[in-house]
Amino acid sequence: MLAAAATCKVSTDLSRNIAIEVTAADSLEEYDTLKPTARVLTGHGDSSATPVFWFSPDTAIAVLDSTTGRTVVIHTGQTGRLVASGGGLVSNPLAIHTLAAADTVFPAGPTLDTVDIAGPTALDSLSASLKIEIADTVAAAAGGSPIVPLAGRPAVYTIVHPTVAGLVTLVRSDSDTARAAITDTAASNSSGIAFVKVRLLAPDTIPDSVVVVASAQRANRMVVPGSPDTFVVRFRGVAVADTLRAAGPIVDTVHVSAVPPDSLSDSLSVEVGDTVAATGSITPLPGRAVVFTITSPGTPGPVTLVTSDTARALVTSDTVTTDARGVAAVRLRLIAGPAPASVEVTASAKRGVSARLPGSPVRFTVRFVP
């Protein structure tokens with residue numbers, strides 16, 4: 001909100017009108033109506049019965065009613081000044097930014113997501129982002145886009161299934177684990193994208209799916225065309241990972257003077273598994289994420305992590321998914337000289353979204369020798 005006032009010359013007569021106090025929103029959306037407020041103040045600080053009239057010296061906005069100040073947008077993307085007068089006083093102008101109204105909304109990503117539940121005590125309970133884009137359509141010049149993303153526009157997300165509250169919640173942050181909301185409002189970012197995620201709250205009662213609808217409204221409460229958009233999040237139970245272990249040697253030596261020169265290590269491999277209580281054996285688990293990170297040397301550049309023998313781009317941290325054997329692996333490549341004496345790489349995995357998997361991190365050492 002903006003406020004402005006105008007004052008007259010100092011006088012000892014405190015019953016005189018000395019100021020106009022004006023309040024209005026600092027922005028106005030196309031098709032909406034601005035209704036400012038104003039009052040004339042006396043030297044006592046009391047409101048006077050003096051009428052106030054409104055006008056604008058600009059073409060960006062138009063005052064439809066000079067007595068109420070009812071104002072609308074004429075040209076979007078500009079700034080118009082709104083002024084009040086009364087009792088021989090004129091207020092300082094209020095700057096009103098004119099905004100385009102959204103006229104389209106559409107999904108900005110997949111509308112179906114599947115969350116693998118990794119056990120009731122430590123579970124991957126968070127869906128991917130349920131994203132919509134809120135935009136204005138314009139007559140685009142040659143080669144231009146007719147879609148103009150709109151920032152700061154509200155999108156209302158609502159869980160419509162299951163109807164039982166407390167099983168799942170909507171969140172806007174991965175770290176938000178305390179709330180329980182079946183309806184939430186998210187504002188679009190600079191790319192016009194608004195999003196929420198679905199978090200499972202009750203691991204003992206896992207719904208097979210959750211249905212979320214997203215709707216956008218203009219400032220005048222008209223529904224934006226394209227609303228509502230429907231998203232489905234499916235939950236499925238999978239085995240609980242409870243161990244991470246090296247699946248090969250944790251020390252390797254690279255001979256850089258070999259003929260031909262060798263700059264690539266052997267595979268640095270780990271296995272993600274589930275321990276069978278009855279036998280103590282480990283069942284390999286495919287499709288689990290493992291994060292490999294170069295921890296030494298600390299300066300990026302001399303070496304990189306690769307998952308392809310031909311890759312040479314600098315990568316100091318990479319996430320690799322375990323294969324059908326439950327194994328994830330990277331190799332280390334020298335991409336800039338001189339070669340460091342040794343390089344340390346760690347491999348870590350999590351159970352769900354937070355708990356580090358027992359055995360993490362696995363540490364590898366790769367030595368470079370002449």
Non-neighbouring partners of Asp174 that pass side-chain hydrogen bond (donor to acceptor under 3.5 Å, both in side chains), sequence neighbours left out: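 side-chain hydrogen bond (donor to acceptor under 3.5 Å, both in side chains) list for Asp174, sorted by chain: Lys197.
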Does Leu305 share a hydrophobic cluster with Ile335, counting links as ILVMFWY side-chain heavy atoms below 4.5 Å and allowing steps through other members?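 No, no single cluster joins them.
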Shortest non-hydrogen contact between Asp229 and Pro107, atoms and distance: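 Taking every non-hydrogen atom into account, OD1-CD, 3.5 Å.
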Would you sort out whether Ser209 and His161 count as a side chain to side chain contact (heavy atoms under 4.5 Å, CB included), showing the intermediate values? CA-CA 8 Å; Ser209 63; His161 176 80; 4.2 Å; yes
Decide side chain to side chain contact (heavy atoms under 4.5 Å, CB included) for Leu264 and Val254; before the verdict, give the C-alpha distance in whole Å, the side-chain angles of both, and the deciding distance to 0.1 Å. CA-CA 7 Å; Leu264 195 62; Val254 177; over 6 Å; no
Sub-3.5 Å donor-acceptor pair from the side chain of [X] to the main-chain atoms of [Y], do we have one?
X: Ser281; Y: Val276; result: no
X: Ser127; Y: Val198; result: yes
X: Thr79; Y: His97; result: no
X: Thr183; Y: Thr158; result: no

Any side-chain donor-acceptor pair under 3.5 Å between [X] and [Y]?
X: Asp274; Y: Thr283; result: no
X: Thr293; Y: Ser317; result: yes
X: Ser269; Y: Ser267; result: no

Take Arg218 and Glu30 through the salt bridge (Lys or Arg N to Asp or Glu O under 4.0 Å) test and state the conclusion after the steps. CA-CA 9 Å; Arg218 295 170 176 164; Glu30 189 179 15; over 6 Å; no
Only distances under 3.5 Å count here; give the side-chain donor-acceptor pairs of residues 357-370 to other protein atoms, sequence neighbours excluded, each with its distance to 0.1 Å.
| residue | atom | partner | partner atom | Å |
| --- | --- | --- | --- | --- |
| Ser360 | OG | Ala349 | N | 3.1 |
| Ser360 | OG | Ala349 | O | 3.2 |
| Ser360 | OG | Leu357 | O | 3.1 |

